[in-house]
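These notes concern the structure reproduced below.
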Amino acid sequence: MENFVQQLINGLSLGSIYALLALGYTMVYGIIKLINFAHGDVYMVGAFVGYYVINYLNVGLIPALLLSMTFTALLGVVIERVAYRPLRNSSRITALITAIGVSYLLQNGMIYLVGPGVRSFPQVVNNTLYQIGSFQISQMQLLIFGTTIVLMGALQFVVQKTKLGKAMRAVSIDSQTAELMGINPNAVISFTFLLGSALAGAAGVLVGMYYNSIDPMMGYAPGLKAFIAAVLGGIGIIPGAMVGGFVIGLIEVLISGYGNSMIRDAVVYGILIIILVVRPSGILGRHVKEKV
Amino acid sequence: MTLMKVEKLTKNFGGLSAVSGVDLTLKNKELVGLIGPNGAGKTTLFNLLTGVYSPSEGSIDLVQDGTTVSLIGKRTDQIAELGVARTFQNIRLFKNLTVLDNVRIGLHNKYGVNTFSSLLRTPGFYRAEEKMTEEAMKLLEVFALDEKADYLAKNLPYGDQRRLEIVRALATDPKILFLDEPAAGMNPRESVELTQLIRQIQKEFDLSVVLIEHDMSVVMNVCERIYVLEHGRLLAHGTPEEIRANKEVVRAYLGGE
Amino acid sequence: MLQVKNLTVHYGVIEAIKEVSFEVNEGEIVTLIGANGAGKTTILKTISGLVRPTAGEIVYQEDIIQKATPRAIVQKGLSHVPEGRHVFSGMSVMENLEMGAFLRRDKKAIRQDIKKVFDLFPILEERKDQDSATLSGGEQQMLAMGRALVSKPKLLLLDEPSMGLAPLFIEQIFRIIKKINEEGTTILLIEQNAAVALEIATKGYVLETGRIVESGAGKDLLQSEAVQRAYLGA
Amino acid sequence: MRMLNKTNIGWLALFLLVFALIQGAVLVGWIDAFYEIALVTILINVILAVGLNLIIGYSGQFSLGHAGFMAIGAYAAGIVTKQIPNYGGLLVGMLSGMVIAGLVALIVGIPTLRLKGDYLAIATLGVAEIIRVAILNMGGLTNGAAGLSGIPYLSTWFIAFLAAVFVIILIANYTRSSVGRATISVREDDIAAESLGINTTRYKTVAFVLGAVTASLAGSLHATYFSVISPDQFTFMRSIDILIIVVFGGIGSLTGSVIAAAVLGVLNVFLQPFGSLRMILYALALIFIMIFKPSGLLGTKELQLSKWFNRKKKQTQRQPVKQKEAAR
Amino acid sequence: GASDVAGEGGEGDTIKLGSMFELTGDVSAYGTAEANAVSMAVEEINAGGGVDGKQIELTEYDTKSQDTEAASAATKLATQDKVSAIVGPATSGATKAAIPSVNRAQVPLVSPSATDDSVTLDDSGNVQPYVYRVGFQDSFQGVSLATFAEGDLEAKSAVILGDNSSDYAIGLSKTFKENFDGEIVAEENFTADESDFSAVLTRIRNEDFDVLFVPGYYEQAGLIIKQAREMGIEQPILGPDGFGNETLIDLAGAENVSDIYYTAHFSMSSDEPEVKEFIKNYQEQFEAEPDMFSALAYDSVYVIKQALEEAGDTSPEAVNQALENLSDFEGITGIFSFDENHNPVKSATIVEIQNGEEVNATEVSPE
Ligand SMILES: Nc1ncnc2c1ncn2[C@@H]1O[C@H](COP(=O)(O)OP(=O)(O)OP(=O)(O)O)[C@@H](O)[C@H]1O
Ligand SMILES: Nc1ncnc2c1ncn2[C@@H]1O[C@H](COP(=O)(O)OP(=O)(O)OP(=O)(O)O)[C@@H](O)[C@H]1O
Ligand SMILES: [Mg+2]
Ligand SMILES: [Mg+2]
């Protein structure tokens, strides 16, 4: 039982990392239906920016976060402007391939610049471990978990309730008609990338600090997981991204903790497929049959 | 002879009853109109009859060679195979395929050979393809679309697209054809042409046609019987003359001149 | 109020509009009629900035707008109800109407205008929280129109507003068009339903394969034999 | 004999010509051992891409699991030919791989192909991962993570060429037939297709199974040409590589897939000496090509000999103005 | 077509040497470390007058961390570039993929770090005629570690935590299990791209055992050590040569790196002048710490140099002959000869780390 609670904590903490990334993923997806494969790599760049500013500018966590978010936000906007905007009217799969290209570019560009090796992240905050009975939870875990929840709430509010959020939805549904309403789709899309990439940057710094390990390939696996989490939760749905992230984190941890870790990934995917067969639009997605 | 019998058909969307308790019969080779205000449930009724939606309540029976088959629980494609074809309110052609291919897809179940013959190109395959093309061209000719057989469907003018959708539906060799606002977006002159065309195909292809239409010149001219829906319920039913004279229908739908 | 001068529009190599010129004065209802594919929709899209012309000039209230973005054009008080409704599916009826008021800041007045739309189209009020994708065809048409009205346009471009509407409602919609016109909105109207459209129009233009072939006062055009033959099928 | 019409003879002649050209180049020594590897890689990629194009381009199903089916074929051929190291073994291995891949595709296809778009993509990705983990855990049969090595070197470029031609003909036949059109109709508009009596699940499944079977064949060739296979050759990234070929050639153009496999194969050879810069150059090439040729090299166009032969008869079809297709 | 000017292996005043490593892709960290050391060694040799007065000309390819690319690169080096010998690649899988190519072209290949036993042997147990390695093979390390665990650590029970998708981990686990007489309490797995090991560690924490064996590389091992120690798992942790990188200590945090034992090819704190020189030069040239990968790759080049000198001929066949008979090679990773299976016969050092510092080294020789 004690173990089980500890494993739940482990699962939620892993899940909140997936969720944090999935939020940015799902935002971008929600507006231009693009599977932004480069999202994980923007996260990686965010981690490296954090690494360098802490090491060379000797700043603390908060300034590092802000600087890193600013940098990745700009990076996201530039990527959108250069690589995705020209493909706005092409098929989705074409844009997906470009996103893969951007992902390769960021990964290999970083390998070229800083080398492929792993490095440890400077620890600017003391990662206090809280011992509650026989369970442990660390300050970083709480921080990441809290950030995820807060950001989810904030994003959901922005998208559902604010004028800008509604403009984002309108653009995602029909950008030409949105233009007729006086909305500037390019500005709205840029803003979405700005927000999504800033989130990725923040995640990079937090996770880099949490695990104390960063490398140019670090975006790949969590990026893929975040994509899966976003789809599982119902792609384009912000609370869905969070739910999807937690679900995957929990499944993974519970299988490692209680099942056969050898076949963990197979079981995780098996469960995902079953969830999707039962809920074809994701956990929180509504399956609306197209009106004909 | 009765071809289709619908009883107490109901469809609820959340709290909304889009169709409620509709009874309807359809006889062999007749032309029936379905009218009603916007949002009355006409399209929803079509969707129920063709299996796109499953009804919340009620029965749909199709009489076939003397035996009755229930359509409840059947998939759209199974219903289509039983001889029920339709067109859509918002045209749904295969836009990036040619006019000819659109029709040949309609003919697929009738002539198409199986996967293996197709993969291996057996002689039967060539025969079937030829027959299919021949028949498709014949159908297109009836609608004066044969000249445009090679056009991509999306490049046809609106009126032609509507007609192509009808040809494609006819290709499945239906006993019943449901047309959802075939004259929408046509100018009055084109509507008149369409009216004649509907009459003609009903005769030539020996089928029953049910037609949703807001253009009264079309409905009153071609339909033998008319059903009127309002708020999902049947408001009236009768010959065009009866309907025109029905005060309720005038209030709810036709409006006074 | 709006002058279109020698407008030419290409889709790739196809010349959809050829040197078209016409004029809409403040307070008028002007209608464009023409067969399918004549280029009516293209003209409206060019005016609202969705399509770029290859040549010609569009002047709206003294401003040359053929290079302006749709956003800038909308800001000047021009609103376009596109062909085929284009409601924002996935957003509720209410949210759709709010999008119509995107550029407005006066919250209270917006609420009043939405109320007005509900008075014009009571069924929309019944459906106000429904996903607009599941509205019936006619309901969507009303929503598209209502959404444009919420933006309080000075010039309203209507592309086949009566398409798919019940007869009773067609009468109503034309009455509504007339009413908003009387309340001070200038209207440029495209209609297949030429008879009714010309009935309420101050003046009309007949379009044939991208060219204007006839023009005149609405009632006069209605009498013109060419129009009768070609579009009314009399 | 309808089979011996002009078009089919034309195709035969074309294949023979290509064969003769390659054979000539091999004899003269232009194609040495190194270029032969590139050639076989291209041929294997042709098979994979043509099969994936059937799934993505024709039936409109977004699959990210092609590498999984390739793995099945690779291991089937690897295991069998290590026992029976001759052409008989190769045949048995190929066929058993194809049967297993087909069955797996059938079993997973029926429930998952109801899913749309990215949901299906995740499901197929999952299927491929499950296949991979299964292979990792099959003990001595598959030799786990270390994989199989010393697989007899049985496939030659000629066998790969024959297989590629076979797959191209098979899939082209399929797409240009009534069932192929039915499959396309599902992609274009499944609701309309259903209303015409087309069982959409069936055609999606058939395309998926065919794609899986051909991927398995490619895997068998891969195993018996490179002699070494391991589970990490068949990851998600391998599926992505195939997807790139399909998109680069043009989604829905088999000719495009063939050409793209060749172009990217040559590009890879060309970039090899660039060391750690090669992936950067490759990434840039990918981005630029997609931006400047978003619909792929050929769009949906195909090389059609029938058109060529009947050119005089038919007036050339009025090509529509290029229309910006909204993302679907 | 390929140029046919040169005789095999270069002519006149140059010797052609091929280098193929994982410069991009999953394992590019190891490949890059090795490729760096190779080019450094070649520069050194050339600066020192070359081999028998001939300069070495290095041709480098990237294998993208993909097996088929390894096959293709090996073929290109052997047939088109006509090199005398090939160094690389880093991993066992890629090396095995290159074997058919080098066999066909009959060009020797020296892999610095392919550790899988079967790399140098074919299925029927015959030696692969053209393949050599400089690192330990898995079985040797497995045996050494098991012996060390039982002997020096007096362990009666062990838990194994390895990467189930890596042949390295599987090979090591297998021999460790076979040779460890105590009880294997549990065997757990993770995958290489993970960073969070808390689930398995929580599970392990409740087991009763004496030593934790982590057959894996420093990237994961560093994190495992950190997370295990933070969670209160205090047992000694045992690892293979894959631990051999300074980053391990950075990742785990020096305070957590105590009671860590791993097999090493050389000690970073060694007093040997060659080792010191190597470390200094590497640091200067690449602004990074060398690790066991780079050390092995560095030695691989010198192995080939020695073979070239002994052969007195640059033809691949002659170099291969010389490699077969190579003995008493003195490198920074030890003094060794190749046995009949082309494996180096050398002793391992088991390094002990306490508080992030190397405190002790125990020599383990092959039996
Ligand atoms: N999937 C759905 N979910 C919720 N409501 C729906 C759905 N489909 C239809 N409705 C509602 O059911 C009612 C009937 O719609 P339907 O499309 O059948 O009307 P219709 O009679 O065809 O109207 P029109 O003539 O305008 O096309 C409408 O009010 C519509 O909003
Ligand atoms: N996006 C486009 N690409 C290419 N051609 C187009 C495009 N849009 C319209 N066209 C062509 O331009 C011409 C004019 O089309 P437009 O839509 O303006 O006609 P319309 O008068 O509005 O017709 P309808 O009454 O059918 O709505 C037609 O020939 C049409 O095929
Ligand atoms: Mg309707
Ligand atoms: Mg129009």
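Here is how names work: the chains are called A, B, and so on, in the same order as the sequence lines, proteins then strands, and each is numbered from 1.
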Any non-hydrogen side-chain atom of [X] less than 4.5 Å from a side-chain atom of [Y]?
{"X": "A:Leu224", "Y": "D:Leu125", "value": "yes"}
{"X": "A:Tyr220", "Y": "D:Met237", "value": "yes"}
{"X": "D:Leu120", "Y": "A:Leu276", "value": "no"}
{"X": "D:Ile240", "Y": "A:Tyr104", "value": "yes"}

Heavy-atom pairs under 4.5 Å with chain A are the metric here; pick the option from [options] that has the most.
{"options": "D:Gly296, D:Ala123, D:Ser276", "value": "D:Ala123"}
{"options": "D:Ile251, D:Leu277, D:Thr112, D:Leu284", "value": "D:Leu277"}
{"options": "D:Thr124, D:Ile244, D:Val108", "value": "D:Ile244"}
{"options": "D:Phe288, D:Tyr282, D:Phe236", "value": "D:Phe236"}

Given heavy-atom pairs under 4.5 angstrom as the criterion, report whether the side chain, backbone, both or neither of [X] touches chain A.
{"X": "D:Leu243", "result": "both"}
{"X": "D:Leu286", "result": "side chain"}
{"X": "D:Phe248", "result": "neither"}
{"X": "D:Ile287", "result": "both"}
{"X": "D:Leu281", "result": "neither"}
{"X": "D:Phe292", "result": "neither"}
{"X": "D:Val246", "result": "neither"}

Please flag which part of [X] lies under 4.5 Å from any non-hydrogen atom of chain D: side chain, backbone, both or neither.
{"X": "A:Ile111", "answer": "neither"}
{"X": "A:Leu106", "answer": "neither"}
{"X": "A:Ile235", "answer": "both"}
{"X": "A:Val267", "answer": "neither"}
{"X": "A:Ile263", "answer": "both"}

- prompt: Between D:Ala283 and A:Leu105, which heavy-atom pair has the shortest distance, and what is it?
  reply: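 Minimum heavy-atom separation between D:Ala283 and A:Leu105: CB-N, 3.5 Å.
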message: So which atom in A:Ser281 and which in D:Tyr119 form the shortest heavy-atom distance, rounded to 0.1 Å?
response: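 Reported closest heavy-atom pair: O-OH, 3.3 Å.
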query: Short question: side chain of A:Thr94, backbone of D:Pro294 - any donor-acceptor pair under 3.5 Å?
result: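 The answer is yes, because a donor-acceptor pair under 3.5 Å joins these two groups.
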query: Do the side chain of D:Arg114 and the main chain of A:Pro280 share a donor and acceptor less than 3.5 angstrom apart?
result: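 Such a contact is absent between D:Arg114 side chain and A:Pro280 backbone.
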Does [X] [atom1] have over 12 foreign heavy atoms under 6.0 Å away?
{"X": "D:Arg202", "atom1": "CZ", "value": "no"}
{"X": "A:Tyr52", "atom1": "OH", "value": "yes"}
{"X": "D:Phe62", "atom1": "CZ", "value": "yes"}

task: Before giving the answer on side-chain contact (heavy atoms from CB on, under 4.5 Å), spell out for A:Asp265 and D:Ile130 the whole-Å C-alpha distance, their side-chain angles and the decisive distance to 0.1 Å.
output: CA-CA 7 Å; A:Asp265 282 3; D:Ile130 292 173; over 6 Å; no
- request: Test A:Tyr269 against D:Val127 for side-chain contact (heavy atoms from CB on, under 4.5 Å), laying out the working first.
  value: CA-CA 7 Å; A:Tyr269 280 109; D:Val127 169; over 6 Å; no
query: Rounded to the nearest 0.5 Å, how far does CD1 of A:Ile93 lie from OG of D:Ser295?
result: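 Going from the OG atom of D:Ser295 to the CD1 atom of A:Ile93 covers 13.0 Å.
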query: Do A:Tyr29 and D:Asp118 have a side chain donor and acceptor closer than 3.5 Å?
result: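 Judged by distance alone, the side chains do pair up.
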